Amino acid sequence: MDLLKKSLSNAINNILRNKLINFLCLGIISFTLLTLGIFNYISYNLEIFTHNFSKNIEAIFYFKNDVKEKEIKAQISKIRKSLLVDEVIYKSRDEAETSFLSQFPELKYILTEFDKSPFPSSIEIKFKQEESNLTTKIISFIEDIEGSDIIESKQVNIDWAKKVLYIKKFISITGIFLSGILFFVSVFIIYNVIKLNIIYRKEEINILQLVGATDWYIKFPFIIEGALMGLLGGIIAGILLIILIKLIPSYSDFIINILKDIISLKKIPLKILIRLLFFGTIIGLISSLFSLKKFFKK
Amino acid sequence: MDLLKKSLSNAINNILRNKLINFLCLGIISFTLLTLGIFNYISYNLEIFTHNFSKNIEAIFYFKNDVKEKEIKAQISKIRKSLLVDEVIYKSRDEAETSFLSQFPELKYILTEFDKSPFPSSIEIKFKQEESNLTTKIISFIEDIEGSDIIESKQVNIDWAKKVLYIKKFISITGIFLSGILFFVSVFIIYNVIKLNIIYRKEEINILQLVGATDWYIKFPFIIEGALMGLLGGIIAGILLIILIKLIPSYSDFIINILKDIISLKKIPLKILIRLLFFGTIIGLISSLFSLKKFFKK
Amino acid sequence: MIGFYHVYKQYVKESYAIYDINLSIEKGEFYFLTGASGAGKTTLLKLIYKEELPTKGQILIDSVNINLIPRKKLYKLRRKIGIVFQDFKLLYNRTVYENIAIPLVVRGYRKSYIDKMVKNSLSLVGLNHRKNYITSHISGGEQQRVAIARAIAGNPIIIIADEPTGNLDTELSIEILKIFEKINNNGITVLIATHDNNLIRMFSKKTIELKQGKLISSPTKEKQQWIY
Amino acid sequence: MIGFYHVYKQYVKESYAIYDINLSIEKGEFYFLTGASGAGKTTLLKLIYKEELPTKGQILIDSVNINLIPRKKLYKLRRKIGIVFQDFKLLYNRTVYENIAIPLVVRGYRKSYIDKMVKNSLSLVGLNHRKNYITSHISGGEQQRVAIARAIAGNPIIIIADEPTGNLDTELSIEILKIFEKINNNGITVLIATHDNNLIRMFSKKTIELKQGKLISSPTKEKQQWIY
Ligand SMILES: Nc1ncnc2c1ncn2[C@@H]1O[C@H](COP(=O)(O)OP(=O)(O)OP(=O)(O)O)[C@@H](O)[C@H]1O
Ligand SMILES: Nc1ncnc2c1ncn2[C@@H]1O[C@H](COP(=O)(O)OP(=O)(O)OP(=O)(O)O)[C@@H](O)[C@H]1O
Ligand SMILES: [Mg+2]
Ligand SMILES: [Mg+2]
C-alpha cells in the first residue's frame, strides 16, 4: 500500500520530469485509443440502428381461402404466446372488404360483382422492441409462421432487416479484427515508449539494483506510469471523441457529398508525391534549426 | 562538402543508433505528412473535377427573330476570336428545321402550316479544355454574350459549374488554413523530437564544444538528421497515400453508405468512454510489463 | 566471510582480468586491495557484489555460493554490501540528501529513521553543509564523499570501496580511512581497493595485491593453499 | 599567457567558490594547482576555458580578454587548450581510438594525420593495446589515461589537467607527470590541479595554492601586487 502510494507519486514525478517524451507518448496513446473509440462508437450506433429497425418490423400474413375459422384462431393464439409479439390484429374477409371500401368508396361497383368478400382474411403482427438480438429472433419466428400450410402469402419488410443484420455481422467481425490489430499496435507503441523511458533511466535503475532494491520496487513506478499514461490517453481520447462526434454531423452532408465526388477519382499525380518529400524535408530542416537555436543560445 | 558528407554519415549512424526514438519520430512525421498528402490529393482531384467539368460546358444561344444575317456573322466572328472557344456551330433557321425533321419525320405535317421555319437560328459553342482556371473565364464569357441585344435566350449547363467553383474555393481556403495548422503541428512535433535527440546527446555535444568544435560542426548532423527524417517521413507518407487511395475506392460505396447511416446518430454512450479509459489503462499496464520483462531478464 | 575458489574472469577471449584466484576474507577484518592500473581490482570487487559473473570458479559470501543466487534474490546479497564505486554512480540531478537516502528508501524504512541515518552519514564524511545541494553542483571530492556516505548509510555487514580517496587530498584521505577504521571496529568487514601506497603503509592493514589478474600476495595465502 | 585580475566566482548567494584572485601564469611554465577538496581548483580551471563565467573580474588568455569572446568564436579559445577533466568526460560507448580522435576530427584534419596523432598520444600514455576497446570496457585508470591522451592529441598551447592521476598508482602517476613534463619542454604551458602532495614535492614546480576560494600562495605573488 505504501509502495503503491510512493510509486504513484514517483510515476507522476517522472511523467512531469520527462515532459517531452511523455507528451509524445500521450499523443500516440490518445490517437490509438481515439481510433478504437471511433470504431466502438460505430459498432454501438449500428446496434442501436438495427434495434430501432426491429421496431418497424410488422408482418402481415394472408390466410388461404379455404382455411377454417378454428384453424385461424388456433394459429393466432399460438402467435400471441410468443414473447416477441406485441400485438396481433386479425382481419376477417368481411372486415377486409369494409376497410377497403372505407378507403376507396368509388370502387364499390367492383365489389358488388362478388357474392363473397374477395379479400383474404389476414393477421397483422407488431413486434416488441425490448429484447436485444431481437431482429434475428423475429426473422426466424416469421419464417416459422410462413411454413404453416394455412398461410397463403406474407407481406413483411424483412429483407431490409436481413441486410442490416448482415452489415452488422460484417462490422462486428471486421471490428474484432481491427480492434485486435489496433490493440497490438498500441501495446507495441507504448511498449517502445516505456522502453525508451527505461533506457533513459538505465543509470538510475542500475544504481537502485546495486544498492539492494528489489525488482518489484524498481518495476512498480514504471507499471504505474504505464497505466497512468494509458488512463490519461483514454481520457484525452474520450474528450476528442466527444468533440469529433458533436462536430461531424453539422458537416456530414457536405463531407459525404465531397467524399463521394472525390473517391470516384483515383489519380495521384506525381506532383503531390514530390511535394510530400519536399515538405517533409523542409519541415525537418525548420524543426531541427529551431530546436538547435534554443540549445545553442548562450 | 566534406563536412556535408561526414554529417550525412553521422546523421544516418545516429538514426540507426537511436532506432527507437527515430522510429517513433518517423511514425509521427509520416502521419502528419500523410494527412497533408490526403488533403493535397483532395484539392488536386477537385481541380481536375472542375476542369473536366468545363469540358462539358456547351452553350447554345438562340437569336431573336428579327436579327440580320450580318449581325449574326459579326457576332460569330467575334466569338471565334476568343481563346476559350474551341468550335462554333451556326444553325440557320432552315437548318434547324431540317435537323428537326430528320429527328421527327412524323411531325412534318405541323411544319407545313408555317411558310417560314418556326425555329430560331442559333449558335452552339464548345469550349476548349486546356487552360487552367477555365471555368471562371467561361462563366464570364457566357455572361458577356448573353448581354448582347441580338440574343433571345441561352441554354447552358452553367449552374452546376458555378456550384463546383464555389466548392473549390471553399476547399482551397480551408485547405490553406488546414495546411497551415498541420504545418505548424508537424514542425512542433519534429522540433520536440529533435530536442529530445539533443537532450539525449547533451553529454556528447558538451564534450564536442569543450574540445573546440564550431557550433556548425555540432549543428550540422542534427540539421541533416532533421531533413533526412522529414524526407523519409515523406516517402513513407507517399507510399501510404498510394495504398490508401488504391484501396478506398473498392470500398467507397460501402463506406459512404455506412457513414451516412451512422453520422445521423449522435449518441455517445458512457459505456464507450469508460471502455476507453479501461482499455487505455490495460494497454499501458501490459506494455510496461512487457518492456520491463525484457529489461529485467538476466 | 568472503571466499574465492579458483576464480577466473575473462571479458574477452585469450585475456584474463582475473586468473585463478583463491582468497579468503575474514569477518570483521580490514583489507586493502592493491595493484597497478588494470590489474583487476575493480573486476574482483564486481565479482563480489555479482555485477559480473566469474567465467570459472566459486565465490562464497556469508556462507552462500553467490553463483546460485537467483536474480530475484540478488537484492538480499546487495543489502549486505555497501559499495563505493570508482565512478561514484551518483544521481547527479538529485540532491546530496536524496542520493544518500536511496539505499534506505529502497529498504522501505520510515522517513524519520531515514532522516536520522542520512544525517549520521553526512556528518561522518563532513558534508552536512552540502545536504541540499544538487549533486552535480558540488566538487569532485565532495561527490566522492557522498558516494562513501551512501555506502555507509545502508548499515551493511561488508563495505567495499573502489579507490575511495582518488579525488581527495592526503588529509581528507586519512580522515576518510579513519572513518572506515571506525566502521570496521564495529565489526563490519572492510575491503578497500587503492593504489595509494602511502595510505597502505600508514594504516598497515592486511593487503591483497594483484598483478595482471593474478594474486601475488595475500595475508591468508598459506591457509588458502591448505584448503586445496 | 593566463592572467586573472580580481576574479570572483559565486555559484550561490553569500558563498564564493573563487574570491578575488589575481594570478599570472607564464608561457611555457609548469604549474601545480593545489588545495583541499572544495577549495575551488576545478572552478578556477573552468573559468580559464570559459565553461563558467566569472561573477566579477577579468581573465586574459593569450592576450585576449575571454569575457569579450562571443560564443561563435569560443571554439578558437578551446582549441588552444587541452583539458583533462576530473570526471574524464569520455564517450563511453565509443572506442578508445574514437575518443582520442575527437579533437582532431573536429578540426577537420585528414584521416591519415589523425591516425598518426592518435597513435602518438596512445603510446605516450601506454594504451596502444586498448586502442579498439569500447571505453566503458576498460579500467578506471585506463580511462583516465584516455582522457589525458585526448587532451594531448589536439596540439594545444596550454594543457589543463584536473586531478589527472586520481585513479592511478604512484608509479603510473610519476610516468604520466613525466609525460606532462616532456610536453612542457616543448614550450607548452601546463597547469595541473592535484591534491597529491607527494607528487608536488617530487616534481618541485611552481605551485598555486587555494584555500576556500582564496589564493594563499602563488609563485608570482610579488609581481601581482606590483601590478596594482
Ligand atoms: N555548479 C555549482 N553550483 C553550486 N556550487 C558549486 C558548483 N560547482 C562547485 N560548487 C561549489 O564550489 C566549491 C568549489 O568547487 P570546486 O569543484 O572548484 O572544488 P575543487 O577544489 O575542485 O574540489 P575537489 O578537489 O573536491 O574537486 C565547492 O564548495 C562546491 O560545492
Ligand atoms: N567490460 C569489460 N570488457 C572488456 N574488458 C574489460 C572490461 N572491464 C575491464 N576490462 C579489462 O580488464 C582489466 C582489469 O580491469 P579492472 O577495471 O578490474 O582494473 P583495475 O585494477 O580496477 O584498474 P584501475 O586501477 O585502473 O581502476 C583491464 O585490462 C580492463 O581493460
Ligand atoms: Mg578500477
Ligand atoms: Mg575538483
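Numbers restart at 1 for each chain; the letters A, B, ... are given by sequence-line order, proteins then strands. Keep in mind it's a predicted model, so treat the numbers as computed, not measured.
Contact tally against chain D (heavy-atom pairs below 4.5 Å) for C/G35, C/A36, C/A17: the top residue is C/A36. Contact count versus chain D (heavy atoms, under 4.5 Å) is highest, among C/G141, C/G166, C/A39, for C/G166.
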Only pairs under 3.5 Å, no angle test: what donor-acceptor pairs are there between chain D and chain C?
from, atom 1, to, atom 2, distance (Å)
D/S37, N, C/D169, OD1, 3.1
D/S37, OG, C/R145, NH2, 2.9
D/Q86, NE2, C/N167, OD1, 3.0
D/R145, NH2, C/S37, OG, 2.9
D/G166, O, C/H195, NE2, 3.3
D/N167, OD1, C/Q86, NE2, 3.0
D/L168, O, C/H195, NE2, 2.7
D/D169, OD1, C/S37, N, 3.1
D/H195, NE2, C/G166, O, 3.3
D/H195, NE2, C/L168, O, 2.7

